[in-house]
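First up is the structure itself, then whatever we jot down about it.
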There are 4 protein chains.
Amino acid sequence: MNDLAKLEGKPRCHCGVFGIYGHPEASVMTFYGLHALQHRGQEAAGIVSSEWLPEKKRFRFNIHKGNGLVTDVFRDGTVLRNMLKGKSAIGHNRYSTTGSADNKSNVQPFVVNYKGGNLALAHNGNLTNYRRLRSELQNSGTIFQSTSDSEIILHLTARSSKPTQIEQIQEALDAVEGAYSLVVLTDTALIAARDPYGFRPLCIGKLNGSFIVASETCAFDIIGAEYIRDVLPGETIVIDDDTLRSGQFHSIWAARKPEHPRHCIFEYIYFSRPDSRVFGESVDKVRRKLGKLLSEEDPITPEAEDDKVVVINVPDSSNTATLGYVRASNKRGLNVKMELGLIRNHYVGRTFIQPEQGNRELKVKTKFNTVKGVLKGRKVVVVDDSIVRGTTSKQLVKLIREAEPEEVHFRVSSPPIRFPCYYGMDFPSREELIANQCNGDVEAIGRELGVDSLAYLSLERLLEAAPSEDGRQYCTACFTGKYPIPIDSEGSKNENDA
Amino acid sequence: MNDLAKLEGKPRCHCGVFGIYGHPEASVMTFYGLHALQHRGQEAAGIVSSEWLPEKKRFRFNIHKGNGLVTDVFRDGTVLRNMLKGKSAIGHNRYSTTGSADNKSNVQPFVVNYKGGNLALAHNGNLTNYRRLRSELQNSGTIFQSTSDSEIILHLTARSSKPTQIEQIQEALDAVEGAYSLVVLTDTALIAARDPYGFRPLCIGKLNGSFIVASETCAFDIIGAEYIRDVLPGETIVIDDDTLRSGQFHSIWAARKPEHPRHCIFEYIYFSRPDSRVFGESVDKVRRKLGKLLSEEDPITPEAEDDKVVVINVPDSSNTATLGYVRASNKRGLNVKMELGLIRNHYVGRTFIQPEQGNRELKVKTKFNTVKGVLKGRKVVVVDDSIVRGTTSKQLVKLIREAEPEEVHFRVSSPPIRFPCYYGMDFPSREELIANQCNGDVEAIGRELGVDSLAYLSLERLLEAAPSEDGRQYCTACFTGKYPIPIDSEGSKNENDA
Amino acid sequence: MNDLAKLEGKPRCHCGVFGIYGHPEASVMTFYGLHALQHRGQEAAGIVSSEWLPEKKRFRFNIHKGNGLVTDVFRDGTVLRNMLKGKSAIGHNRYSTTGSADNKSNVQPFVVNYKGGNLALAHNGNLTNYRRLRSELQNSGTIFQSTSDSEIILHLTARSSKPTQIEQIQEALDAVEGAYSLVVLTDTALIAARDPYGFRPLCIGKLNGSFIVASETCAFDIIGAEYIRDVLPGETIVIDDDTLRSGQFHSIWAARKPEHPRHCIFEYIYFSRPDSRVFGESVDKVRRKLGKLLSEEDPITPEAEDDKVVVINVPDSSNTATLGYVRASNKRGLNVKMELGLIRNHYVGRTFIQPEQGNRELKVKTKFNTVKGVLKGRKVVVVDDSIVRGTTSKQLVKLIREAEPEEVHFRVSSPPIRFPCYYGMDFPSREELIANQCNGDVEAIGRELGVDSLAYLSLERLLEAAPSEDGRQYCTACFTGKYPIPIDSEGSKNENDA
Amino acid sequence: MNDLAKLEGKPRCHCGVFGIYGHPEASVMTFYGLHALQHRGQEAAGIVSSEWLPEKKRFRFNIHKGNGLVTDVFRDGTVLRNMLKGKSAIGHNRYSTTGSADNKSNVQPFVVNYKGGNLALAHNGNLTNYRRLRSELQNSGTIFQSTSDSEIILHLTARSSKPTQIEQIQEALDAVEGAYSLVVLTDTALIAARDPYGFRPLCIGKLNGSFIVASETCAFDIIGAEYIRDVLPGETIVIDDDTLRSGQFHSIWAARKPEHPRHCIFEYIYFSRPDSRVFGESVDKVRRKLGKLLSEEDPITPEAEDDKVVVINVPDSSNTATLGYVRASNKRGLNVKMELGLIRNHYVGRTFIQPEQGNRELKVKTKFNTVKGVLKGRKVVVVDDSIVRGTTSKQLVKLIREAEPEEVHFRVSSPPIRFPCYYGMDFPSREELIANQCNGDVEAIGRELGVDSLAYLSLERLLEAAPSEDGRQYCTACFTGKYPIPIDSEGSKNENDA
């Protein structure tokens, strides 16, 4: 069992969310929105629509969820038109909790019927006080259906004594801590909320008078919607019957408002699509700058400034940074060539069969192959976006060496990853991070990878690349260990994440 | 229903073939070989292995075929180890004949048991005297199970009065005309054959003493096999117990040997993977040259030589040609920038749901999105590899226009396609080809696409890019209408292709 | 969509339950127990096992549920051995709530994790104060996952402040009213409980030291277990580590203990298998007596006492009653012959395709055919167990008429059904009951069915057939409208039942 | 893996066939016909319809086949209406060749396109010169797709040089020997043929002007069709455009016409449904007579003529014979009671999980349970239709013994089975037949079964029960070893049957 991100040795993002209110084909739009957000979670998907039943004079929530890509889960497209009727819908992509006995109950959106009516919820992020809240709720008689932290929000909402659904949800959000970008569908509204630190992105768009909320703007582009603005950190917005209201719901947060937001800078480095705009800036632009700064900070040495130097990307995740790196290098007077030295096979499925004998590199070879002619005898500079465990990078280097380059140099457009993430990225344990195994000794890491030289982008330059007045508005905990929100002593991760 | 190649508006290749003899994990190797050849046919796949049953003292042919990608058909990987046992195997990827009532019977490899023993066949290409032969065979009492031209070869083999399987197959090949790159598995040998014109590629490789045959060398790379040479046009090779024999089987062909081979030049333009070597040359190298010649032949006009010019690829099919184009342009003193202006979503599945209202570009948008920042206000040069119907190109141009460039120029690294292919490419009918609709008037085509300028690579330059002494060793019928083999008067295409 | 019971025009029973504690193959035994109880619910099935994880020092509840027959849901038998490990298990058969958007969430057993640990529940019956309790729980913040009344018991248990699971469950049962025969699996025990009226059966068995609980004794026979006794009305028993404790838990019920139990007499008439023992008596014996009393009460008229009279059963539901009827008739000096005039096709699946033209009797013909030779020219007495809507009986009579009998007489071994059931049988609405449509006028019903004569068993004789001192220990509400438990004013049925 | 017939320890019939010509809902009628014939083959089913395509001015043969019951294969009922369009159709039920690597290719009807047009074939029976013909055909270049003997007929038809399809088929039938009841669909006709010995039944019916052919008349009853007559042994009938022609096609057979037909008497004993008419007689009537003669021939001994004697059937296969047995016994002055001592669970699926410990009788218990009250302390006479291996009978006796009868006597309404069948029944090998193991010593068989006495019906009486002038018109080879057609020296069974 392997998933695409794992194959690449990349951290996995928890999810992508999408919501639309007041569109005649709400679920079809949600399907395409999720399709555009597929990179944020490839292992389960679901859509919930709210349909008015005139004869019963009430709304019915229709739901379809399953494991697999969006196009797998909705392989029978008639489900969208025939079953997921209604003018409002929300959807969710996630990485699955495969192997867990109750995994299906963790697929979002979650739907419940409670005293306030219907409620569906899709959540991107991770709650840090999850264990404490779950324990408290269980002690007062609550039954949990899943092992997902997101379920907490539903129970807190249902237990709220506030009169309206929106106030109930707001009361629930006042109790949770951590990272959340939420879309919630009720009988009468689409609600979107983002935690006060704004860890995960959440954008507002509009399509012919219908408001939309999505993790990234690429979900607007696919359906021709226009980007309006981001949901602000700590903001809850309520969309109903073509109006969008904000602000008035924040009581407690006004008091505990953080000085700075803490956007996940990894969204710029790897997660988000380059054609998206997140945290108010084009990802392509930031990623290009990462490449540029990487080149400036760790310039190719003079002796390498000969014809033999070729710079190659790791398709598709480092395409943009590589372009930035090459252009900056040449601007500095070097004459390096960008080459397409690695070809990626995009038809990668879930089956991986390890041959019984030999050929240990097969796993990376199902995804990448080299163009031998452009590597042979060259000094190859590989630009990648990040290194997590290092196992994939190591195999990639081995693959490149088979094409007989003279040298292999590895450049990474982010700093060494040394700490786990508690806000919604799925890193392996600290012990598995190669940067930790080598105690941050870059040379040692380079030896482990088998490269002639290795260089990472520094934290200072990373923060320089992202739009910011003073660089303090990003969470960099995975590089620095400085966590904006203290972690629940009982541990903050879901059981399934452990 | 749509398939990937169709979504791109590209011609579809009929198939990819793979065979291996004498390897302890023959079917696992075939699985990975087919995986590397997935781009040659995405809609059905199959593997046949030959297993020695010691207690029965005979070989059993095991078979597993299905619709979908290789990784879908072999989603249950245990099939390879538990069912497809044996030391020899062949495999096939194909485009499906969806909608045909008997489509499953067309999925290859075909397996039969006849007087000579077991026989499995995988075929890439198209027979031009198919209808006449089928009619003759039917008249003499033959029953056909499929509508595939490949079945002909099996019946001719079964009806041969020659004493050995190899001679029987050879007799069958003496009777057929057209394009074929074949792998055949018998109880005692793996046979590979290529038609005298060598339309489709077929390469020989070796892995630890086991011979391999595959459509492209990328299938060798994935399993760590080494490339030996191509099967020659008109050659039949027989691999058994670690020896590879060639040559002696050609009787009739010696007489009708063509003066030149006629390799399909579209393999270089679009079909083959850039990391493959076909017809003796690296595809990457030829494709880079196509871009270079395209730039030289149709240089960007002086007024465009300003900062505003950006050159973008259509990922991933024109990546290499675009790189060649940009580099050649800059060498000529221009200062154009390559940009990643189009982002491709690789998670494209089979479901396409057309919204009831508006948004006609959705189909192309499920696959591509623009990076607006790099296109806005620019003079955009789009480099693509070919234009068939023009509908996808038109929608792509529309998508690019939404990013508000100042101008859009379209450059194509091959000549206008004006004629159908009878040798294994799946073009639409002549009437649907945009170059025909516009009578070859390039300006008219450009107006139809909505671009500010359009230019194609000339045929002369195309032939210059491909390795050749005199340019006469390629089939260019789709550009010129000059068919190397006359077409069966009854028509040469299968019913299902119509 | 049709189910077997519906095809027969019979009321449907809600479910069958099974539980076993301390057996090395607990889930395999549960599978066979459910298989024997298949007639109690054919549309969904599930098993939950409790497995001790030594390395984690806790129990894990494994669950497998699905729509269809037990043999469909567990078609992959390895699920039992590989997944449903553990020494204790419970299982449930039910009729599905097809068409309901959330039907899957209604398939039992329900499993939850709450403060007290794991809990799985399987319920046969119907709670009459369901709506009130649900409303109260929702108002205090409870979220419901299903529309099943059984879920109430879980929430009440989770909210109990009692210290032990058993006391918590008992507190929950003190709050609910209606019909319930329950099996509950906790981490440390198997609990079985039956409502104070004992509407539905629940028996205790033993297999090599492992206690078993099941709806009917036929579930013991299949696995070779021995019948011990019934769970008493109002009793809760706790089985753990080979001991079985009873009694001490009833606090409230001691006060509201009903004077008499109210066993569902329909279990004898139709629901239970004739080879089972329920309510302390062999079903075969009671059913035989029903036939006998039917004959005595409504003797065949003298003019019919000739050779022409044949008595036929409706296989298999009236087999036993017919035998009793025939034997009693002949004992009274008549000379009637039992014949197998109707042949039943047992391969009935879920597909029913109504032809567009004619042949309205096809539905009944997929299940029954006549043996023409034994009916032609005869005076046919059809013995059936009950008539609900009358539509199936009508078509059956039509089918019999096609075999050209001289006369058709219909005898029913129970009284006319005129009232809905609120305790676990799935009758149609009152308006659909043929006995209501005809205001109880038996002659009118007979005309509607198209028979020459019709007779029902009287209520007095029905009660005489069932073992009882005074006939007061049965619920006969469906015949009399006298409901032992008042019905919740809001209505007592689940939404899905409406 | 087990099938229903195997569970019962009965021989399995090869198949049931059905064909209809000129009905607007031909495939729906065929579905119901196959449903009625389900008992003749439960493991695979298929329907082929012939649809006129007005725009293409030709017929298309639509086909849907699969493993499982008819209702499983056509679970999606829309297949019948949307895909299997057309006014003519044929269908087939068969027992599968599970475990065979190429089993799917053996599912009928077979469909081919040959010089004469489309041809679909459904075959019930077994060809005795199969191996010789196959070998001859292969030697002349024929390729076989299946291991089924039925495929021979297709190739012989395709190779015929006769001008019309009907003559071609007739020529093919002139070459084959053995048992066959065939329905063949061509572009312009429905053809039915039966071998000269008439081993297997084949009946002609009519529904509103459309002719129908089916294995048994129960297939007519379900759709309201009327029985016309049987296809005669050696007859070929051609149905086209509302006419039915017969006779003129027999050239060779006129010469080799057998003196007597040789109907399979097992159709009366077990295969056919009691509500069917086969070989011109009601099965119910013959089967009743078998019971009567069994009683007369082997009367219950005087000391058994007390109240304690109960006679029980093995539901449902011996229901009719048991009724005949009881009635005859009582006519002879005995006073035995028929009881329903065995209850059969009809929800038997394909999963059988053998518990690891004990309980060896579980297999029979998934199908049968006893009604203890009617067996305890009684002298039980079990009437069954046949004994093959004896293993099931043995377990059944054990099950009955658990109910504590005083004695168990076994009566079989057919003679001991001692020889394999080469004409379409699937018996185990001779060695596995219990009657052979015990050398025909009935007492020894009885000891093996564990009964107090055992008696079989004699061959003379068996022939007396079936309608015949002189008893010579039945095949009794399985009892006597006298085979009407000599068996191919190479063996006559398909490989898959071995």
Side-chain angles (χ1 to χ4, degrees), chain A residues 24-25 28-29 31-32 35-36 38-39 42 69-72 74-77 80-81 208 218 221-224 273-275 282 284-285 315-316 319-320 323 327 337-340 343-353 355-359 361-362 365-366 369-374 402, chain B residues 24-25 28-29 31-32 35-36 38-39 42 69-72 74-77 80-81 208 218 221-224 273-275 282 284-285 315-316 319-320 323 327 337-340 343-353 355-359 361-362 365-366 369-374 402:
Chain A
E25 295 193 273
V28 173
M29 294 302 117
F31 167 78
Y32 282 108
H35 178 64
Q38 186 71 79
H39 60 291
Q42 292 106 37
L69 297 179
V70 176
T71 49
D72 291 334
F74 296 91
R75 185 178 289 261
D76 174 9
L80 294 169
R81 287 252 160 69
N208 305 331
C218 63
D221 295 339
I222 196 169
I223 55 172
R273 272 173 53 167
D275 50 328
S282 155
D284 169 87
K285 198 169 160 189
D316 286 346
N319 289 1
T320 313
L323 199 68
R327 198 165 297 164
K337 271 190 273 186
M338 178 165 177
E339 292 288 357
L340 302 170
I343 299 299
R344 179 169 166 173
N345 185 344
H346 287 286
Y347 303 106
V348 176
R350 302 178 161 278
T351 313
F352 182 75
I353 299 110
E356 275 156 20
Q357 44 171 249
N359 213 353
E361 290 75 48
L362 188 51
K365 282 182 177 174
T366 59
N369 193 14
T370 55
V371 179
K372 283 157 204 63
V374 305
E402 288 177 8
Chain B
E25 296 191 272
V28 173
M29 294 302 116
F31 167 79
Y32 282 108
H35 178 65
Q38 186 72 79
H39 61 291
Q42 293 105 39
L69 298 178
V70 177
T71 49
D72 290 335
F74 296 92
R75 184 178 290 261
D76 173 10
L80 294 169
R81 288 252 161 68
N208 305 331
C218 63
D221 296 338
I222 197 169
I223 55 172
R273 272 173 53 166
D275 49 327
S282 155
D284 169 87
K285 199 169 159 189
D316 287 345
N319 289 1
T320 313
L323 200 67
R327 198 164 296 164
K337 270 189 274 188
M338 177 166 178
E339 292 288 356
L340 303 169
I343 299 299
R344 178 170 167 175
N345 184 344
H346 287 285
Y347 302 107
V348 176
R350 302 177 160 279
T351 315
F352 182 75
I353 301 110
E356 275 155 19
Q357 43 171 250
N359 213 355
E361 291 74 47
L362 190 50
K365 282 182 178 174
T366 60
N369 193 15
T370 55
V371 179
K372 284 159 203 62
V374 306
E402 287 176 10

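Letters go in sequence order (proteins before strands), and every chain restarts at 1.
- Not counting sequence neighbours, the partners of A:Asp221 by the side chain to side chain contact (heavy atoms under 4.5 Å, CB included) test are B:Asn369, B:Lys372.
- Looking at every heavy atom in both residues, A:Asn345 comes nearest to B:His35 through ND2-O, 3.0 Å.
- The candidate from A:Arg273, A:Met338, A:His346, A:Glu402 with the greatest count of non-hydrogen atom pairs under 4.5 Å with chain B is A:His346.
- Counting all heavy atoms, side chain and backbone alike, A:Thr370 lies closest to B:Asp275 at O-CB, 3.4 Å.
- Two residues are said to be in side-chain contact when any heavy atoms from C-beta on lie closer than 4.5 Å; B:Arg327 and A:Glu339 meet this criterion.
- In terms of heavy-atom proximity, A:Ile222 sits nearest to B:Leu362 at O-CD1, 3.0 Å.
- When A:Asn319, A:Val28, A:Thr320, A:Leu340 are compared by the number of non-hydrogen pairs under 4.5 Å with chain B, A:Leu340 comes out ahead.
- Judged as a side chain to side chain contact (heavy atoms under 4.5 Å, CB included), and not counting sequence neighbours, the contacts of B:Lys285 are B:Glu281, B:Ser282.
- For A:Leu323, the part sitting under 4.5 Å from any heavy atom of chain B is the side chain, from C-beta outward, and nothing else.
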